[in-house]
Structure formats: structure tokens, C-alpha cells
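Structure, as C-alpha cells:
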Amino acid sequence: FRSFINFSFVLVSAEKLGIEIENSYIPGDIINIKITLYDEGSNKIQGLINYKIFNYYSEVVEQGNVNSGEQVLYELPTNA
């Protein structure tokens, strides 16, 4: 299975974007992704993050908004 995850953030001045995700999954698994914004001192900051998850063919399969430090759950298709 190949998916690409693209994250962007706006209206917040952030130095880093942290993405926590496990390494391997099988079709049908639920992926738990934690996205966090950090300032130049590596301190967590609040802000709204726009995210997109792409499949192998560069098609958007999931998109939305999440607050910094919150988790995104995405269920992999069983035919992945």
C-alpha cells in the first residue's frame, strides 16, 4: 500500500510541523496520525492545520482540518 500525506498550515507562524505515525499497516487498518505545530523554541503551539492524504495515484482520498496536537484517524481501504 502506498499513500502520501500532505499537510499545510496557515495563519500561524510555525517553525516546525511534527507528524507522528507508525511505520507499517495492512489493508483495513486504521492509521492514527498526530500533527503538531512547533515554534522556533520547539514549543508546541496552537493552530489549525489543513491536511490531505493522497493514494498511490496522487488522488486525494481524505482531507480536513485538525487542531495542533490532535489526532487524525484514517481507515486504509481493504483493497489497498
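- Nearest heavy-atom pair across Pro27 and Thr78 is CB-O, 3.5 Å.
- Among Val72, Ile53, Ile31, the one residue that satisfies the side-chain contact (heavy atoms from CB on, under 4.5 Å) test with Glu62 is Ile53.
- From Asn67, atom CG reaches atom CD1 of Ile35 across 10.5 Å, with rounding to the nearest 0.5 Å.
- When each of Asp29, Asn32, Val61, Ile21 is tested with Tyr74 by the rule side-chain contact (heavy atoms from CB on, under 4.5 Å), just one qualifies, namely Val61.
- Leu73 forms part of a hydrophobic cluster together with Ile30, judged by ILVMFWY side-chain heavy-atom separations under 4.5 Å.
- Side-chain contact annotation: Lys16 with Ser42, donor-acceptor N/O pair under 3.5 Å present.
- At least one donor-acceptor pair closer than 3.5 Å links the side chain of Tyr25 to the backbone N or O of Glu22.
- Here the side chains of Tyr51 and Asn65 are not in contact, with every heavy-atom distance at 4.5 Å or above.
- The shortest side-chain heavy-atom distance between Lys44 and Tyr38 falls under the 4.5 Å cut-off.
- Closest non-hydrogen pair, Val60 versus Lys52, comes out as CG2-CD, 4.3 Å.
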Derivation and outcome, side-chain contact (heavy atoms from CB on, under 4.5 Å), residues Leu37 and Ile49
CA-CA 8 Å; Leu37 296 173; Ile49 303 165; 3.8 Å; yes
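- Counting only distance, with no hydrogens or angles, the side chain of Ser68 and the backbone of Ile45 share a donor-acceptor pair below 3.5 Å.
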